[in-house]
Amino acid sequence: MSVSSKPNERSGANTPKTLMLEKSYKPEEVETRRYQEWEEGGYFQCGKRSDADTYTIVIPPPNVTGSLHMGHALNNTLQDILIRYQRMNGLDVLWQPGTDHAGIATQMVVERQLAANNEPGRRDMGREAFLERVWQWKAESGGTITGQLRRLGASCDWSRERFTMDEGLSKAVLKVFVQLYKEGLIYRNKRLVNWDPALETAISDLEVQQQEVNGNLWYFRYPVEGEEGTYLTVATTRPETMLGDSGVAVHPDDSRYAHLIGKNCILPLVGRKIPIVADEYADPEQGSGAVKMTPAHDFYDFEVGLRHNLEMINIMTPKAKLNDSVPEKYRGMDRFEARKVIVADIEALGLLEKIEDHVHMVPFGDRGGVPVEPYLTDQWFADAETLAKPAIEAVEQGRTKFVPENWSKTYYEWMRNIQPWCISRQLWWGHQIPAWYGPDGEIFVEEAESDAYAAASRHYAEKGDVELVKRLEQGEGLVRDPDVLDTWFSSALWPFSTLGWPDKTSELQRFYQTDVLVTGFDIIFFWVARMMMMGMHFMEEEPFHTVYVHALVRDEKGQKMSKSKGNVIDPLVLIDEYGADSLRFTLTALAAPGRDVKLSTSRVEGYRNFITKLWSAARFCEMNECCPVAGFDPASVEQTVNKWIVGEVAKAEEAIRSGILSYRFNDAGSSAYQFVWNIFCDWYIEFAKPLFSGADEAAKAETRATAAWALEQILLLLHPMVPFVTEELHENLLGNGREKPLIVSDWPKYDQGLRNAEADADMAWVIRMITEIRSARSEMNVPPSAELDALVVEGADAVLPRAERYGDLIKRMARLKDITAAEEAVSGALQVVLDDGVLALPLAGVVDFAQEKARLEKAVAKADGEIMKLDKKLGNPGFLAKAPDAVVQENKERLADERAARDKLTEALARISAAM
RNA sequence: GGGCGCGUAGCUCAGCGGGAGAGCACUUCGUUGACAUCGAAGGGGUCACUGGUUCAAUCCCAGUCGUGCCCACCA
């Protein structure tokens, strides 16, 4: 049954009360329905408070191919907390959602699908047909992850959902590319790139993962030209590249080889004459001190090759097989097969000096999974160094801040050493580069094909190529660059492209600059840095003022979750089992800044219990008819208990708010947890019970109203973290009086006056007394069922008035019959020492004197220890002279307190001894 | 090689200049009509080590040891 189906039933005054709330919370019956209500109610949509300030977050767009993993769950929970909090604060909130087309990943998914269905491969079906298939796939499966974000409770403005390849965003990409090209910040160049032979595309430096490999170092002898029997020994980890060698480098100061500089080697197996050059790159300490140079297949050799004008010989095909530039024998061989053959052939020639074991780092493509090949091709590059400058300054000048601040170092480190960004990919799925080539290789970069033809016509008309101009005017003669752009190129524009840029939309005007970017540190380089560059360049304003960097979610052993390790915890499984709120609250409570989240199901279970506790506290309120009273003023309550809880609510609000605003989500979570469980449930509800069953109708009514108010505040304060259960309880609590859903209710603002020092002191005293009595009883094995009398044997003047005033509470919770002054000496009693007095609880002969004595002695010893430490501190002239007065004073008071306690304990001991 | 972290209760972690904390686990007790997805009580820590700064150090500084991550082209 729906717990809120008939909220009005509850108000019938004389009808028997029917409980609306079931015994425990069933998230599966609530979450989907609540989410629908929110979404259909339009509460997620921005623009409804046009007079309010804005608060904007753009979601890190998940891959369309993806499904929700724990990292997403954490990332989006934190964003949702910020968003819901700010929405409740009355801001015009935009959480901009969307997905990323994820070039390589998506293309691979569809290719795999084709293979699995025994359908023609991508190249067989052709570009157009293949892209159609990808779009079809996107239409069918692209909504998975957004559905999963809904399950989590993410309150994104789905009416504005975007996709990096939709029309508007594609327009933005074209505009950016063309403009940067015309500004000289994008250029085409032939240089070495990281080539992934499995995917047959260039990839960026960031997509290369270095892996340690146990390999070998082979020492080859290269014969020196014209000097029979003289060899120059080179060492290599990649023998197969020797077929592309075009030189050997030695250090200019290396006396061993000085006489060879300027001469040539004859490259074995190939017979090519290659020069011996002097270059400081050659480290005399490494290998043999002489390095073979393969400028077309090694980044460093490439640089050396440029310096010494060495030949660049590309010896491989896109699949990393040897091409026609090598001797016939090796043509068509895979690079690793060739390695073996070449070593064998060198050995056969007697030119293999030795082989050493050698552990070294090998670059792997993170998608393709095979070693990348440095490969000489024509690619498009962005001048990242120029674009980075304003982006670096923005952080240096504090216009964008990293939280935790440390991450700015990581950002600087990378940005200040940034390399040209290879932005072209030899894929089909993505934004095709808007560049057209004329027959002579001339490049025309324009947003539209027609513009490219127009530009080409002008160009060739100037050159007088009438024939070509004629063809161009008929829309022929140009060839479009087949490559697409790196996926991150379009995500770099996300904070403004999603708002409508390049059109000057009102949303762009209103919601840019966005507020905070919430992300994991793993994409600071990929994404954050590039958004900063593009934002500065095209908007001339930082895309966000704060970057909140959260940690990674790991398994309970601290290992990174990965499919191959089989330690992945699926957030949806947890949501199914424990509810979205439990998962959200767990992630919130564990999200301490700068520390990885180690997740285990037992943690989720623990926080699920918290949700249950909250539910059952609400049920208590319901059973006791704690209905919100219109116009209730928390400052007006008269019962001390109520004054106290009202103040505690205000403290909790402060703690939770400051936790959220300072991005210390774990603090916000634990403050909420402690307040609800350890204050509201453990004490306030227990204090309320005697009032509810008492005779004072005014006090009863006030307590009901206060409890209802406090519960409502709890629901408000917890809503950003646990939206579903709070929304559900809120409707139940308010019933007909509910003006609007919790999601759009106002975050509470309290007067300072809600805190009452006197009430705080009294309740602290009551709690202390109850705790001490319980503790003594428990240690002395007094059964909970036994109700004892309490006799005040010391400090009656101080103790009795309070004991009188709060007698009902104390008696019930400490299991006492009565509290009275001791008329005569008490023997055979349990003694409880308070700050301002001593209680004796007579145990009618059953008290074990020895045990009681030991208990008191232990307390004396503890007090003595404290006294000694404080004495020593206060006896130190340096401390008295230099420590702040407040600290000195505080220590003096503590010493006095400890001494008083010790004295009372000693007297209690004396009484016990006398009775023995 | 460079950079960033972390070593606090059995476990996972907060705290970060003036009285060592939480959750879980553990022990004992408990069907008090909100809750056994619970309640009450309890045990458990020279806050990695060594120096230094300070009246005062778990907290700041230096070093050592251990451990994790990121970046890097070394044949």
Side-chain angles (χ1 to χ4, degrees), chain A residues 19 21 23-25 205-206 210 217-218 234-238 249 281-283 285-294 298-303 358 360-361 363 374 404 406-407 409-410 412-414 417 521-522 524-525 552 556-558 560 578 582 589-590 592 594-600 602-603 605-624 664 666-667 670 673-674 678 681-682 685-686 689 770-771 774-779 781-785 812-813 815 866 869-870 873 876-884 886-888 890-891 894 898:
Chain A
L19 276 187
L21 290 180
K23 192 158 186 211
S24 66
Y25 175 54
D205 300 347
L206 290 172
Q210 302 289 336
L217 198 52
W218 287 271
V234 297
T236 181
T237 55
R238 301 197 53 203
Y281 163 60
D283 179 354
E285 306 293 317
Q286 287 282 335
S288 63
V291 199
K292 63 190 266 314
M293 288 292 122
T294 322
D298 180 285
F299 286 97
Y300 223 107
D301 294 2
F302 181 78
E303 298 299 323
H358 185 67
H360 62 133
M361 303 298 271
N406 252 336
W407 289 108
K409 284 197 180 176
T410 305
Y412 289 142
E413 187 73 19
W414 191 68
N417 299 296
F521 58 78
D522 48 336
I524 289 180
F525 303 146
L552 248 45
E556 54 196 308
K557 291 178 200 132
K560 203 168 170 174
Y578 300 105
S582 301
L590 297 182
R595 181 88 78 143
D596 285 344
V597 174
K598 287 183 196 163
L599 189 76
S600 67
S602 69
R603 298 304 286 264
E605 204 176 305
Y607 289 109
R608 185 272 320 268
N609 295 353
F610 172 71
I611 305 289
T612 308
K613 186 78 181 175
L614 172 63
W615 180 267
S616 105
R619 197 157 164 271
F620 170 84
C621 291
E622 185 186 41
M623 289 172 82
N624 287 283
R664 304 181 66 95
N666 60 319
D667 284 351
S670 65
Y673 186 99
Q674 278 172 35
N678 304 123
C681 292
D682 287 350
I685 284 184
E686 295 305 325
K689 284 176 183 173
I770 293 167
T771 308
R774 281 172 169 178
S775 177
R777 290 176 57 122
S778 177
E779 277 181 59
N781 302 315
V782 179
S785 53
R812 181 184 176 111
M813 293 177 74
R815 312 283 307 151
E866 286 301 311
K869 270 188 351 203
L870 289 163
K873 201 178 212 178
N876 179 349
F879 176 71
L880 295 174
K882 297 196 175 175
V887 173
V888 174
E890 190 201 321
N891 277 274
R894 266 173 46 211
E898 290 291 348

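Letters A, B, ... mirror the listed sequences (proteins, then strands); counts begin at 1.
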**Q.** Protein-nucleotide distance (R812(A), atom CZ; G39(B), atom C1'), rounded to Å
**A.** 13 Å
**Q.** Length of the line joining L206(A):CG and C73(B):P, which is rounded to integer Å
**A.**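 Rounding to the nearest Å, CG of L206(A) and P of C73(B) are 11 Å apart.
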Of the options [options], whose atoms approach the side-chain atoms of [X] most closely?
X: M623(A); options: G33(B), C55(B), C71(B); answer: G33(B)
X: M361(A); options: A72(B), C29(B), A40(B); answer: A72(B)
X: F525(A); options: A41(B), C35(B), C70(B); answer: C70(B)
X: F879(A); options: A41(B), G18(B), A40(B); answer: G18(B)
X: S24(A); options: U37(B), U12(B), A34(B); answer: U37(B)
X: R619(A); options: C35(B), G19(B), A40(B); answer: C35(B)
X: R894(A); options: G18(B), U37(B), G19(B); answer: G19(B)
X: F521(A); options: C29(B), C69(B), G19(B); answer: C69(B)
X: P784(A); options: C29(B), G42(B), A36(B); answer: C29(B)
X: K23(A); options: A34(B), A41(B), A36(B); answer: A36(B)

[X] side-chain N/O to [N] phosphate OP1/OP2 under 4.0 Å:
X: K409(A); N: C4(B); value: yes
X: K292(A); N: C74(B); value: no
X: K873(A); N: A57(B); value: no

Q: Please name all residues satisfying side-chain contact (heavy atoms from CB on, under 4.5 Å) with S616(A), sequence neighbours left out, ordered by chain then number.
A: none
Please work out if [X] contacts a base, only the sugar-phosphate, or nothing of the nucleic acid, heavy-atom cut-off 4.0 Å.
X: E866(A); answer: sugar-phosphate
X: E285(A); answer: nothing
X: Y607(A); answer: nothing
X: A282(A); answer: base
X: R603(A); answer: base
X: A881(A); answer: nothing
X: R815(A); answer: base
X: S670(A); answer: nothing
X: R608(A); answer: base
X: P884(A); answer: base
X: S602(A); answer: nothing
X: C681(A); answer: base

Q. Do the rings of W407(A) and F521(A) sit parallel, tilted or perpendicular, given the 30° and 60° boundaries?
A.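 Rings of W407(A) and F521(A): parallel, as their planes differ by under 30°.
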Q. In dot-bracket form, how is RNA chain B paired, counting a Watson-Crick or G-U wobble pair only if both its distances are under 3.5 Å and using | for bases paired to another strand?
A. ((((((((.[[[[.)..(..]]]].(((((.......))))).....[[[[[..)....]]]]])))))))....
(Q) Please report the distance separating the C1' of U64(B) from the corresponding atom of C24(B), rounded so that it comes out in whole Å. (A) 34 Å
Q) What distance, rounded to whole Å, do you find between the two P atoms, one in C4(B) and one in C60(B)? A) 16 Å
**Q.** Considering all heavy atoms, the nearest A589(A)-N666(A) contact
**A.** O-CB, 3.2 Å
Q) Is there side-chain contact between K873(A) and K869(A), with heavy atoms separated by less than 4.5 Å? A)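 SC-SC contact between K873(A) and K869(A) ruled out.
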Q. For the side chain of E413(A) and the base of A72(B), is some donor closer than 3.5 Å to an acceptor across the two?
A.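 When only heavy-atom distances are counted, E413(A) does not reach the base of A72(B) through any donor-acceptor pair under 3.5 Å.
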Q: Examine the base of C35(B) for any acceptor or donor lying under 3.5 Å from a partner atom in the side chain of K613(A), and report the outcome as yes or no.
A: yes
Q. Between R774(A) and R815(A), is there a donor-acceptor pair closer than 3.5 Å when you use the side chain of the first and the backbone of the second?
A.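 Looks like no, no N/O pair under 3.5 Å.
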Q. More 5' along RNA chain B: K882(A) or D667(A), using each one's nearest nucleotide?
A. D667(A)
Q | Salt-bridge criterion met for E622(A) and R619(A) (N-O under 4.0 Å) | A | no
